[in-house]
Amino acid sequence: MTGTPAPFTAEDYASRMRRATEAADAAGLAGLLIAPGPDLVWLTGYRPGETERLTLLVLRAGQEPVLVVPTLEAPDAAKAAGAPALTLRDWTDGHDPYEVSAALLGSTGRYGISDNAWAMHLLGLRERLPDVDHVALTRALPMLRAVKDAAELERLAAAGAAADATYEEIRTVGFAGRREREVAADLDALLRRHGHSQVDFTIVASGPNGANPHHEVGERVIERGDMVVLDFGGLKHGYGSDTSRTVHVGEPTAEERAVHDVVRAAQEAGFRAVRPGAACQDVDRAARAVIADAGYAEYFIHRTGHGIGVTTHEPPYMIEGEEQPLVPGMCFSVEPGVYLPGRFGVRIEDIVTVTEDGGRRLNNTSRELATVD
Ligand code: ZN
Ligand code: ZN
Ligand code: ZN
């Protein structure tokens, strides 16, 4: 296991806030309104508990970053790693936080606002400043967090290695005769043992359940002869893991092997399409063509991949119509699948990062069809 990476510094956060402010300005936005959640964590290192009281980071060109924060939370906010670059503007219960916020904004213009900002807060701001317009941050600046720096890549690689170690161990636990949720509990425990502080999903989709890509675990007892789709991930040191492998309980049939081979070839083709300058949709097309050529086009029912960083699903998306060029430092999944209704499914997923020379996998366990007991 790797050690704990050096924490991000106040200067790291100041630099991210500067770049975000510049990107907003270049996109013609009056500024950015950042709510608690992944954007705020990435920009400031501040992760307040969920509360209905308004906390809002205001980024505007030509103005220092300001964090509007409830008075009782201000001492914690002041301890955030990014706090040295922030001016705190606190508001006390009984006062109007939207008035405090509105004073920091112009009376016109368009602001990018975090996707996960509460509607209540957006409506409160709109009431105060009816001529100010808003746009979802991932719509206005979809690539804001997409290109990872070396320290972020190190964390993503460590999260990937932890997920890989989890896969190696889960193959030995015994599947036949156990319920999906029991194997899922093992996945959760293994991810945490390998340093995850948060587990976002532990999909164990056995037999016909495998035909549902986002099947949550259930009471089904896994049987010999089942294909089992495993898909699991979460956050380690603040950065995400997400990997899928499909295993078989006992010896697979020729058809099960053949479908798995198709998905493996599709995953490889998607991976090989990764290089600087290729479009996101090229990765999807490369993987999808292999599945279509094998006659399974209608059974690949989702996009090929999604970005990953301080969350486990974020832009960029590897999907038809996404012309965004790949840039070194981007990180995303390549996860084609085939889902045969009522029968079984297969998915193989690695996190891949773009380098100058092509793709580099952050998941490196075998993609052969593994048999388990
Ligand atoms: Zn089987
Ligand atoms: Zn996944
Ligand atoms: Zn994924």
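Values reported hereafter were calculated over all heavy atoms of this structure, with side chains retained and with hydrogens, waters and symmetry mates removed. All ligand and atom numbering here is 1-based and tracks the order in the structure.
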What I want to find out is whether R264 reaches E268 closely enough, with some N-O distance under 4.0 Å, to be called a salt bridge. no

Can you tell me if, anywhere in H313, an N/O/S atom lies at a distance from the Zn ion (ligand 3) that is smaller than 2.8 Å? no

Donor-acceptor pair, D12 side chain versus T9 backbone, under 3.5 Å? yes

Does the gap between the ring centers of F201 and H214 come in under 6.0 Å? no

Just to be sure I understand the site: which N, O or S atoms from the protein are less than 2.8 Å away from the Zn ion (ligand 1)? G225 O, H248 NE2, E256 OE1, E256 OE2

The side chain to side chain donor-acceptor pair (under 3.5 Å) partners of H196 (sequence neighbours excluded) come to S241

Does R16 qualify as a cation-pi partner of F8, given the criterion of NZ or CZ under 6.0 Å from the six-membered ring centre and within 45 degrees of its axis? yes

With a 4.0 Å cut-off, would you call D93 and R53 a salt bridge? yes

Search all heavy atoms of Y167 against all heavy atoms of A370 and return the closest pair with its distance. OH-CB, 3.6 Å

Please determine whether a side-chain nitrogen of the Lys or Arg among E322 and R303 lies less than 4.0 Å from a carboxylate oxygen of the Asp or Glu. no

Pair R126-Y98, side-chain donor/acceptor within less than 3.5 Å: no

So what's near the Zn ion (ligand 2), protein N, O or S atoms under 2.8 Å? D231 OD1, D231 OD2, D242 OD1, E349 OE1

May I have all residue pairs that pass side chain to side chain donor-acceptor pair (under 3.5 Å) and include part of residues 180-189, sequence neighbours excluded? R178-D186, E180-S206, E180-N209, E180-H215, R181-E219, D188-R192

